[in-house]
Asks: 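Let me give you the structure first, and then I'll get to my questions.
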Amino acid sequence: MDFLADINNAIPEAALAGFGLVGLLLGAIGGDRTAGLIRLLAAVALVAASVLTAYQFQHPGAADGIAAFASATSPDGLYRVTMFTLFAKTVTYALAALALLMSGGFLKTSQMERYEYPLLIVFGSLGAGLMLSANDLMTLYVGIETLSLSSYVLAAFRRDSLKSAEAGLKYFVLGALASGLLLYGSSLIYGFTGGTAYAVIAAAPISVGLTFGLVFVVCGLSFKASAAPFHIWTPDVYEGAPAPVVAFFSTAPKIAAVALLAHVMFVTFGPHEEAWRQIISIISAASMLIGAFGALMQNSIKRILAYSSISNVGFALIGVAAGVGNGAASVLVYMTLYVIATLGMFGGVLALRRGGRAIDNVSDLNGLVKQKPGMALGLLVLIFSVAGIPPAAGFWGKLQVFQAGLQADMTWLVLVGALSSVVSLGYYLRLVWAMFMKPSAGELDKTDISIGIIVLVTSLLMFPILTVTIQMLLETAARASGG
Amino acid sequence: MALIAFYILSTIVVLSALFVVAARNPVHSVLWLILAFFTSAGLLVLIGAEFLAMLLVVVYVGAVAVLFLFVVMMLDIDFAELKQGFQNYLVVGVLVALALLAEIGIVAAAATFGGGTTFNANPGAATNAEALSRVLYTDYLLLFQMSGIVLLVAMIGAIVLTLRARPTVKRQNIAQQTGRKRKDAVELKDVRPGQGI
C-alpha cells in the first residue's frame, strides 16, 4: 500500500492538525504573550489549507479518485474527497481564516486575548473538514465531535460573563443530545446494513431499520446545521457567545454543516432518496417559517441574526430537498453567498460599541449613517444580500434554490420560501430603517480597522463584484456537483 | 457449567440493576451500579468477548462509576427538589418513552421477520484483543489519531474554562528563594551608642 498516495488527499487536514499541535506547544511555552502571533499563524495555516483544497479542486487529476459524487475508488476507505466537498472545504477554511483575522480587536479590548482561541478555531475547522471528507459514519462522527467540542468551548470562552457560560452549557447539553441521536441512528444503520461505510449503506436495500436510522441521523445533522425544529439552541447561543465567536459560528461551521447534510443525503442515502426527501422538505419549510416569524418580535440584534441564520439554512435545504441532480449546485451557491455576506454583516454589527459596551438593541443602531456612513452603506448592501434583494448577489443564491425547487416539482416549498422571504424583510428593513432614518442614538466608539476592511471587502463582493461575475461561481459550483 | 454461571451472573445483574433504581441512598445506588458492571463483565467473558469485559471493568467500573461516586458524595443534592417538576413532565415523558419503545419494537420485529445481517464475533483471530489490534493501527489509523485530537481539544477546553491566572495570589518561588544571597537580606549597621540608625 502506498502510504503517501493515501495521505495525499488529506494534506490540508494534516497541515491543520500539524499546525494545531505546534501552535499549542508554542503557546504553552510562550504563554499569552504569543497569542497575537499564534492568531496570525493560525490564519495563515487556514488560508494555506484553503489554497491547498482549492488546488485539489482545480487539478482533480493530481489526487486520484476525485469525482463529483461518483462511486468511491476504495469503497471501504474512511476518508475520501469529492469535488462537492472540496468546494465546501475551500470556503469553510477561507471563512474560518477571515473570522479569525477580524477577531483581534475584540479579543484585545475585552481581555480575551488568549492563545487557545485561534487553536480552537483551527481544531474546529479541522473537524469540519474531516466530517466533510468522511466516507464512513465513524469518520463523520469523529469529525463532528471535533468541531462540536471546539464550538462548546468557544461559546463559553468569555467565562467571566454569565451569559457566555450559559450559552456554552446550553450548547453542550443539547449538542450532546444531538450527538446521541446521531450515534443511535448510526448504530441502527450499522445493524441493518452490516457496515458503516457510505458505499455499503448506499448499496443496502431500504428497510425499516435503515429508515429509522436515517431519520435519527437527519435529526442529529439538522441540529448541527441549526435547522428547525432543532434550532432552539441557536438564539441563546448567539446571544451569549462572544461576538467574534458568533461571526465564526454563523459562517465556517454553518456552510460545513449544510454541505455535510447535503453530502450525506446525496451520497450515503443517495439511492434512498424517496425516504428522506419529505423529511428534508418539512425541515426546510419549518426552518424558513420559524426563522422569518421568530425574529419579528425580537429586539436583540444577536437574536435577530440567529433567526435570520435559521431561516437561511431553510432556504439552502430547498436545494437539498430538490435532489442531487437539481439542487446540489444551488446549495453550494446559496451557502457561499450567504456565509460571505453574513461574515461582513455579523462582524460589522457585532463590532459596534458605545462607551466600551457592545450594542445589543436594534435601537442602538439608530442614526448609524450619520456617524459611520461607510459602515452603514456596507451593512446595507450585506443586509440586502442576506435578505436576497437584487441587485445584491444574495438574490442569485435565492434564485438558484428556488429554480432547483421548481425543477424538482416542489412548488409548495418554493411558495413557502417566497412567503417567508417577504415576512423576513420585515426585520431586515427594521435594521435598515434604524440605521438610516432614525435620529442618532449617541456617539459610537471607534471600530477596529480589520472590521472595516472585512465589511468593505464583503460588501464590495456582494455588490457589484459577485453580482456581475456570478456566472463564474455558478460554473464552479456546477463543476463541483458534476454538472 | 457455563449455563449455571450464566444464570447466576444474570440474576445478579438484574437484581443489582433493580437496586440501582430502588435504593434510597444515592451512594448505595452507585455501589449497586458497580456490582452490575462487574457481573456484566462476567457475562461478556462467558460469550467470548474478553476484550469488551476488560473494557467494561477498566472504563466503567474504574473511571465512570468512581467518578459518579465522587460526584454523589461531594455534591449536596436535594433530590426532593430535583424531582419537583417530575409530575408536570410526566405525560410528555411517558409519550416520548412510548414512542421510542414502539420504534424499538418495530425495528426488532422487522429484524426478526425481515432477516437482518449476521455478524462475525471472531473475525479471523484467536482473541478479540488481537483482532482489534490488527485493524486499530492499520485500517483505522485515521480514526485513532483523530480521537487523540478530540481528547486534546477536550483537554484544552477544560483548561481554558477553569484555569485562571490570579495575579494577587502569593506563591512560593523556589528559584528566587534559593537564589537569595546573604547580602540581599542582611545588612550590618554600626550603631553608635546614644544614637539611632
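Reminder, nothing fancy here: chain letters follow the sequence lines and each chain counts from 1. All heavy atoms count here, side chains included; hydrogens, waters and symmetry mates do not. Computed from a predicted structure; not experimentally measured.
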Asks: Given that the side chain runs from C-beta out, which part of Phe172(A) has a heavy atom under 4.5 Å from chain B: side chain, backbone, both or neither?
Replies: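 For Phe172(A), there is no contact with chain B at all, as no heavy atom is under 4.5 Å.
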Asks: Would you mind checking which part of Leu119(A) comes under 4.5 Å of any heavy atom in chain B, side chain (CB onward), backbone (N, CA, C, O), both or neither?
Replies: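 Contact with chain B involves no heavy atom of Leu119(A) at all.
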Asks: How long is the span from the CG atom in Leu152(B) to the CG atom in Leu24(A), to the nearest 0.5 Å?
Replies: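 So the CG of Leu152(B) and the CG of Leu24(A) are separated by 5.5 Å.
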Asks: Do Val96(B) and Tyr89(B) have side chains that approach each other closer than 4.5 Å (heavy atoms only, starting at C-beta)?
Replies: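 Contact flag for Val96(B)/Tyr89(B) side chains = no.
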Asks: So which part of Leu154(A) gets closer than 4.5 Å to some heavy atom of chain B, the side chain, the backbone, both or neither?
Replies: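 When you check distances to chain B, no heavy atom of Leu154(A) falls under 4.5 Å.
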Asks: Is any side-chain heavy atom of Phe68(B) closer than 4.5 Å to one of Pro26(B)?
Replies: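 No, their side chains stay 4.5 Å or more apart.
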Asks: Considering only heavy atoms, which portion of Leu151(B) lies under 4.5 Å from any heavy atom of chain A: side chain, backbone, both, or neither?
Replies: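 Neither the backbone nor the side chain of Leu151(B) comes within 4.5 Å of chain A.
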Asks: If only atom types and distance count, is the side chain of Arg159(A) paired as donor or acceptor with the main-chain N or O of Val160(B) below 3.5 Å?
Replies: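 Pair found, side chain donor or acceptor close to backbone of Val160(B).
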Asks: Less than 4.5 Å apart, any side-chain heavy atom of Phe106(A) and any of Pro242(A)?
Replies: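 Touching, per the 4.5 Å side-chain cut-off.
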Asks: Please flag which part of Tyr184(A) lies under 4.5 Å from any non-hydrogen atom of chain B: side chain, backbone, both or neither.
Replies: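 For Tyr184(A), side-chain heavy atoms alone lie under 4.5 Å from chain B.
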Asks: Heavy-atom distances under 4.5 Å only: say whether Ile149(B) touches chain A with side chain, backbone, both or neither.
Replies: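 For Ile149(B), side-chain heavy atoms alone lie under 4.5 Å from chain A.
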Asks: If I measure from the heavy atoms of chain B, does Leu149(A) come under 4.5 Å with its side chain, its backbone, both, or neither?
Replies: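 Both parts, backbone and side chain.
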Asks: Given heavy-atom pairs under 4.5 angstrom as the criterion, report whether the side chain, backbone, both or neither of Thr139(A) touches chain B.
Replies: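 Contact with chain B: backbone and side chain both.
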Asks: Once you measure the plane-to-plane angle for Tyr117(A) and Phe157(A), does it fall in the parallel (<30°), tilted (30-60°) or perpendicular (>60°) bin?
Replies: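 Perpendicular, since the angle between the ring planes exceeds 60°.
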